[in-house]
Number of protein chains: 2
Amino acid sequence: MAITRTDVLAAAREVLRRHSLADLSMRRLATELGVSPNALYWHYPDKQTLLAALGDDILADVTAPADDLEWDERLESVARAMRASLCAVPDSAEVVSSGWSSGLSTMAVLDHLTDAARDGGLSASARRGLVTAIAQLVIGLTIEQQTRQQMERLGVTGPGDRDYDAEFADALAIVLAGARQVRAAQTVATAAS
Amino acid sequence: MAITRTDVLAAAREVLRRHSLADLSMRRLATELGVSPNALYWHYPDKQTLLAALGDDILADVTAPADDLEWDERLESVARAMRASLCAVPDSAEVVSSGWSSGLSTMAVLDHLTDAARDGGLSASARRGLVTAIAQLVIGLTIEQQTRQQMERLGVTGPGDRDYDAEFADALAIVLAGARQVRAAQTVATAAS
DNA sequence: ACCTGAACACCGTTCAAGT
DNA sequence: ACCTGAACACCGTTCAAGT
């Protein structure tokens, strides 16, 4: 039976879940699928593209936030959903980061953040800054957490003392406070003109 | 003549400057130093540790900000200095990111951010959140920019349309506005008690 | 103290060929 | 359309041995 792109992504997820990103080689993935390494190159042009698709897949369950929420609550909701999706799959934040950097990812989640910011009435540049600040926070902090978790799992390191969830909450609170403040400043400026 | 740790880091920087992180292999680095690959393992236990040292080295010129600045201006100054140091060496943001994640980096720059936040009178959790938000923004956005730049340099992609400097300024403005707002809320709470 | 030689166990990717 | 066999040009790391 022939293999599909979906099979490949599922197998890749499974390698991350049971092992790590370091173990996610084309050869290993092929073995897991009972196929020769070259077979993967019929479905994806290269590893980079495969990883970008995997990253998009992992974030695919981040949908538009409930529309009875205020704009800032919607931002928070999307940010937390992104982080939850990443935390469900080991090393996924690193995968998403590389996909975004390579330009091979759709970065579709960012639209939900942008939409919420627009509904808040933020200017184009304020929206852009806000989306960047939130996205980099989610990805970057989760990379650090997941790398740490892998090291603990391998026993190369003892348990750390950082509370990543609390750190995330604190950082997100600052960014959202900034968003509200920038919006308020905009409103005053508009009213004065 | 024997090689020093400093020589190794200088050669690594040069490989980044003239080529890329993908070209920075232990074997390539050794060749550049006129030495056998194994020689590097006398100076550093493994590649990960070497990269962490390189990351620290690249950020070493980010010093304490001028002390005649306000606390929030100091935060901005450190953030911009971090970004400037990274932008001076191709792919360095990725190197710093991996060093931070592995736990092998000193993350010394974060102290300057923490100090400025403390002088602003921010609570411990607000400081932690603020430092995280700024650090992840600098690293994450610069990774995206530098990866893009390498792709353009290799001609695999045409020039993009993102203005990373403007994006950074917008995002940093939001975070700093958040810091000031959180501080104001703290001050009110303190006065009321 | 600092390095080399030789080897181990891997990589991503390509290309021709098979069904 | 989908895959295999065989090969190319690499990796990081280790270990014994050299000076």
Side-chain angles (χ1 to χ4, degrees), chain A residues 1-12 15-16 18-55 91 94-95 97-99 101-105 147 150-151 154-157, chain B residues 1-12 15-16 18-55 91 94-95 97-99 101-105 147 150-151 154-157:
Chain A
M1 251 299 283
I3 259 171
T4 69
R5 256 160 287 240
T6 309
D7 295 332
V8 175
L9 294 185
V15 171
L16 289 185
R18 302 182 35 169
H19 305 89
S20 76
L21 182 55
D23 295 300
L24 186 51
S25 66
M26 296 298 267
R27 297 173 116 103
R28 170 77 177 259
L29 189 52
T31 304
E32 221 79 34
L33 286 161
V35 91
S36 120
N38 328 303
L40 297 175
Y41 289 86
W42 194 89
H43 298 282
Y44 293 97
D46 49 36
K47 188 182 183 183
Q48 214 184 160
T49 307
L50 195 162
L51 286 183
L54 179 60
D91 284 341
E94 183 77 53
V95 171
S97 172
S98 79
S101 292
S102 70
L104 295 168
S105 163
T147 305
Q150 294 289 18
M151 290 175 62
L154 295 174
V156 21
T157 279
Chain B
M1 251 300 283
I3 260 171
T4 68
R5 256 162 286 242
T6 309
D7 294 334
V8 175
L9 295 185
V15 171
L16 289 186
R18 302 183 32 173
H19 305 90
S20 77
L21 182 54
D23 295 301
L24 186 51
S25 66
M26 295 299 266
R27 296 174 117 102
R28 171 76 179 261
L29 189 51
T31 304
E32 221 77 35
L33 286 160
V35 91
S36 122
N38 329 304
L40 298 175
Y41 288 85
W42 195 90
H43 298 280
Y44 293 97
D46 50 35
K47 188 182 182 182
Q48 214 184 157
T49 307
L50 194 162
L51 286 183
L54 179 60
D91 284 340
E94 182 78 53
V95 171
S97 172
S98 79
S101 293
S102 70
L104 296 168
S105 163
T147 305
Q150 293 289 17
M151 290 175 63
L154 295 174
V156 22
T157 279

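Every chain is numbered from 1, with letters handed out A, B, ... down the list of sequences.
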*Can you measure from CG (Asp46(B)) to CG (Leu40(B)) and round to the nearest 0.5 angstrom?*
11.5 Å

*Which value, in whole Å, describes the distance between the P atoms of nucleotides dC10(D) and dA9(C)?*
22 Å

*Quick one: side chain to side chain contact (heavy atoms under 4.5 Å, CB included) partners of Ala39(B), sequence neighbours excluded?*
Val35(B)

*Non-neighbouring partners of Thr6(B) that pass side chain to side chain contact (heavy atoms under 4.5 Å, CB included), sequence neighbours left out*: Thr4(B)

*Quick one: the dot-bracket string of DNA chain D, using Watson-Crick and G-U wobble pairs with both distances under 3.5 Å, [ ] for crossing pairs and | for bases paired to another strand.*
||.|||||...|||||.||

*Using the test side chain to side chain donor-acceptor pair (under 3.5 Å), find all partners of Ser20(A) that sit at least two apart in sequence or belong to another chain.*
Asp23(A)

*Check side chain to side chain donor-acceptor pair (under 3.5 Å) between Ser36(A) and all other residues, then give those that pass, not counting sequence neighbours.*
Asn38(A)

Sequence neighbours excluded and cut-off under 3.5 Å, please list the side-chain donor-acceptor pairs for residues 25-33 of chain B, or say none.
unit_1	atom_1	unit_2	atom_2	d
Ser25(B)	OG	Arg28(B)	N	3.0
Arg28(B)	NE	Glu32(B)	OE1	3.3
Arg28(B)	NH2	His19(B)	ND1	3.3
Arg28(B)	NH2	His19(B)	NE2	3.1
Thr31(B)	OG1	Arg27(B)	O	2.9

_With a 4.0 Å cutoff (strictly under), does any side-chain N or O of His43(A) reach OP1 or OP2 of dC3(D)?_
yes

*Search all heavy atoms of Val95(B) against all heavy atoms of Leu21(B) and return the closest pair with its distance.*
CG2-CD1, 3.8 Å

*Heavy atoms under 4.0 Å, any strand shown: does Ala39(A) hit a base, just sugar-phosphate, or nothing?*
base

_Sub-4.5 Å side-chain heavy-atom contact between Leu51(B) and Leu24(B)_ = yes

*What string of B, S and - do you get for nucleotides 6-19 of chain C 5' to 3' if you count protein non-hydrogen atoms under 4.0 Å?*
BB---BBBB-----

